[in-house]
J.: 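Quick one: the structure is below, and I'll ask about it shortly.
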Amino acid sequence: MLDSRFVRENVQDVREALKKRGYEFPLQEFLAIDEKRMVLLRETEELRNRRNVASEEIGRKKREKADATSELEEMRIVSDRISALDDQLKAVEDETKGLLLTIPNMPHESVPVGKDETDNTEVRRWGEPGKFAFEPLNHWDIAEPLGIIDFERAAKIAGARFALMKGPGARLERALMNFMLDSNTAKGYTEIFPPILVNRESMTGTGQLPKFEAELFRIADPEFYLIPTAEVPVTNIHRDEILKESDLPLYYTAYTPCFRREAGAHGRDTRGLIRQHQFNKVELVKFVKPEDSIDELEKLTGNAEELLQRLGLPYRVVALCSGDIGFSSAKTYDLEVWLPGQNKYREISSCSNFGDFQARRANIRFKRDGKKGTEFVHTLNGSGLAIGRTLVAVLENYQQQDGSIIIPEVLRPYMGTDRIG
RNA sequence: GGAGAGAUGGCCGAGCGGCUGAAGGCGCACGCCUGGAAAGCGUGUGUGGGAUAAAACUCACCGAGAGUUCGAAUCUCUCUCUCUCCGCCA
């Protein structure tokens, strides 16, 4: 959420910045309701002041057994007026807030300007896509003969876009999860295992609601949302809190299952593990001081990259352009891993700096030592990494001509074997 | 699921419907004291909005929302959360 005062005082800049996203800021609407709000606010405050003064006077008179009927009469009218104005003010404030909640974040100045994913810029590459003496297979063509992923039975049990992992497949999923958590905690991230059902406030805090309800699974009674990413519960750990300066930066890492409707994705990645309604992910989340967030994004991205490096998986880093970054993000790098079976790079991690956008929604502040008042923290997060897609990358990059899979060195302690099949 | 208790400032803990942004204590900060420390003494110590050059000033906030009243931390209702006991359960 943008700061209404900042928007009021910098309307044109805000408008320009959002235009880079292809978002047309509702200028007239905002200014109109904002003006209305200020007028109502001043009038009610003035009336309240009158009432406070008069009420004190009435109290004094009553104690002195003096007559106060004329004041009582007058205040009855003032109070009616106040409650009428209060109703209007409440309505206008709801309107303002409702509008602000649907406006996306402003891209950071370092974000390349562009329209869609074709304007994203590659920042760097690591590793060489391997040479195969045979035609490399898709991961489902590798996994099904090995009996380690069963899509058919998953469809019977749940439906399309679900998978069932079995034997070494299930073990590999767990190995990746443990490898990632162990690596992240060794880098100073505190391990979290949060609730995966959350309330509406949490979803609003990180920006999924109110705009993206259609992408979420919801339980009606009692109302809960299934998290689409650990970002939601972990960022909301500090909702409505005031942190101490010395608390920052805070680094968290969390494994959770993630649930997504994939409502607009009919026909995309219908086969295989790439796009599922339920998938596992290890997430990195940071709370930092405003002046540090740009550097912290580089460090966070580096931590995610290191996981791919240790797994020996070739990847590239892509800076998303202004038209392609997410709703809440000020700046995003995607990590794309090389998939020989598809002969292309596919997203495996998305690392974002949200600035104070989420912090303002979720009311996460900190107090500087020796300074008056509070400031919003900056929040960041990134996948470190999407486990299902990492498993796909391992299968496809480490496949052998005989149909077996070599297990990457760093996973062997977790797998108890160096080969599947 | 049944029965009961509670929610006040960083923490503990008072609070007759008006003079309570909130006693008292702890903690914290600064100062005095000391060779240095402890103890002791003194002063200060919430958040958000409006106004302002900055203040003064002003409005709101005692779990959330609604109500009664000229006036609510204090009375009424609803909800949320926490705790205790019983039942059930992984």
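Numbers restart at 1 for each chain; the letters A, B, ... are given by sequence-line order, proteins then strands.
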J.: Considering only atom P, compute the distance from B:rU76 to B:rG18 and round it to an integer number of Å.
T.: 16 Å

J.: Would you mind telling me which of B:rG18, B:rU47, B:rG50 lies closest to the side-chain atoms of A:Ile242?
T.: B:rU47

J.: Taking atom C1' in both B:rG46 and B:rU20, what distance in whole Å separates the two?
T.: 15 Å

J.: Looking at B:rG48, B:rG71, B:rG49, which one has an atom nearest to any side-chain atom of A:Arg365?
T.: B:rG48

J.: Searching all strands shown, indicate the nucleotide that pairs with B:rC81 (Watson-Crick or G-U wobble; both distances under 3.5 Å).
T.: B:rG6

J.: How long is the line joining NZ of A:Lys244 and C1' of B:rC11, in whole Å?
T.: 12 Å

J.: Tell me: CD of A:Glu375 to P of B:rU47, nearest whole Å?
T.: 13 Å

J.: If pairing requires Watson-Crick or G-U wobble contacts with both distances under 3.5 Å, which nucleotide is the partner of B:rG71?
T.: none

J.: Could you please name the partner base of B:rG87, counting Watson-Crick and G-U wobble pairs only when both distances are under 3.5 Å?
T.: none

J.: Atom CZ of A:Arg60 and atom P of B:rG17: how far apart are they, to the nearest Å?
T.: 22 Å

J.: Any donor-acceptor pair under 3.5 Å joining the side chain of A:Glu56 to the base of B:rG71?
T.: no

J.: Which heavy atom of A:Asp324 sits nearest to which heavy atom of A:Asp116, and what is that distance?
T.: CB-C, 4.3 Å

J.: Among B:rG18, B:rA60, B:rA66, which nucleotide sits nearest the side chain of A:Arg48?
T.: B:rA60

J.: Do the side chains of A:Arg200 and A:Glu223 get close enough for a salt bridge, i.e. N-O under 4.0 angstrom?
T.: yes

J.: Where the side chain of A:Thr374 is defined as all heavy atoms beyond and including C-beta, which of B:rA66, B:rG48, B:rC70 is the nearest nucleotide?
T.: B:rG48

J.: If you measure only the distance, is there a donor-acceptor pair under 3.5 Å linking the side chains of A:Glu298 and A:Tyr333?
T.: yes

J.: Between A:Ser79 and B:rG71, is there a side-chain N or O to OP1/OP2 distance below 4.0 Å?
T.: yes

J.: May I ask you to say whether A:Arg8 pairs ionically with A:Asp34, meaning some side-chain N is under 4.0 Å from a carboxylate O?
T.: yes

J.: Can a side chain N or O of A:Asn52 be found less than 4.0 Å away from OP1 or OP2 on B:rG18?
T.: no

J.: Using the C1' atom as the point on both nucleotides, what is the distance between B:rU74 and B:rG63, in whole Å?
T.: 16 Å

J.: B:rA51, OP1 or OP2 - any side-chain N/O from A:Arg42 closer than 4.0 Å?
T.: yes

J.: Separation of A:Arg360 atom CZ from B:rG48 atom C1', in whole Å?
T.: 13 Å

J.: How far apart are the closest heavy atoms of A:Ala163 and A:Gln276, and which atoms are they?
T.: N-OE1, 3.1 Å

J.: Tell which nucleotide pairs with B:rA22, taking only Watson-Crick or G-U wobble pairs whose two distances are both under 3.5 angstrom.
T.: none

J.: Please report the distance separating the C1' of B:rG21 from the corresponding atom of B:rA14, rounded so that it comes out in whole Å.
T.: 15 Å

J.: Can you tell whether the side chains of A:Arg60 and A:Glu64 come within less than 4.0 Å, N to carboxylate O?
T.: yes

J.: Specify the separation, in whole Å, of atom CZ of A:Arg37 and atom P of B:rA60.
T.: 17 Å

J.: Heavy-atom nearest nucleotide on RNA chain B for A:Gly373 versus A:Met75: which residue maps closer to 5'?
T.: A:Gly373

J.: I'd like to know if A:Arg365 and A:Glu375 make a salt bridge, using a cut-off of under 4.0 Å between side-chain N and carboxylate O.
T.: no

J.: Can you check whether A:Arg5 has a side-chain N or O nearer than 4.0 Å to OP1 or OP2 of B:rG50?
T.: yes

J.: Checking all strands, does A:Lys367 fall into the base, sugar-phosphate, or nothing category for heavy-atom contacts under 4.0 angstrom?
T.: sugar-phosphate

J.: Figure out the CG/P separation between A:Asp87 and B:rG67, and round it to whole Å.
T.: 8 Å

J.: Quickly work out the A:Glu241 CD to B:rG10 P distance and round it to whole Å.
T.: 12 Å

J.: Can you tell me, in whole Å, how much space there is between the C1' of B:rG17 and that of B:rA54?
T.: 39 Å

J.: Would you indicate which nucleotide in B:rC70, B:rU47, B:rU58 comes nearest to any side-chain atom of A:Asn49?
T.: B:rU58

J.: Please measure how far the C1' atom in B:rG42 lies from the corresponding atom in B:rU80, and state the result in whole Å.
T.: 44 Å

J.: Using only heavy-atom distances, determine whether the side chains of A:Thr204 and A:Arg361 contain a donor-acceptor pair under 3.5 Å.
T.: no

J.: Across all strands, who's sitting opposite B:rG17 as a Watson-Crick or G-U wobble pair, both distances under 3.5 Å?
T.: none

J.: Where the side chain of A:Glu45 is concerned, which of B:rG71, B:rC59, B:rA66 is the nearest nucleotide?
T.: B:rC59

J.: Roughly, in whole Å, what's the span from CZ in A:Arg8 to P in B:rG50?
T.: 6 Å

J.: Would you mind classifying the nucleic acid contact of A:Leu41 as base, sugar-phosphate or nothing, using non-hydrogen atoms under 4.0 angstrom?
T.: sugar-phosphate

J.: Identify the nucleotide, in any strand shown, that forms a Watson-Crick or G-U wobble pair with B:rG44, with both distances under 3.5 Å; if there is none, say none.
T.: B:rC28

J.: Here's a test of your reading of the structure: between A:Ile58 and A:Asp3, which maps to the more 5' nucleotide of RNA chain B?
T.: A:Asp3

J.: B:rA64 and B:rG10: how far apart are their C1' atoms, nearest whole angstrom?
T.: 22 Å

J.: Considering only the P atoms, how many Å lie between B:rC81 and B:rC30, rounded to the nearest integer?
T.: 42 Å

J.: Has A:Arg51 got a side-chain N or O lying under 4.0 Å from the OP1 or OP2 atom of B:rG71?
T.: yes

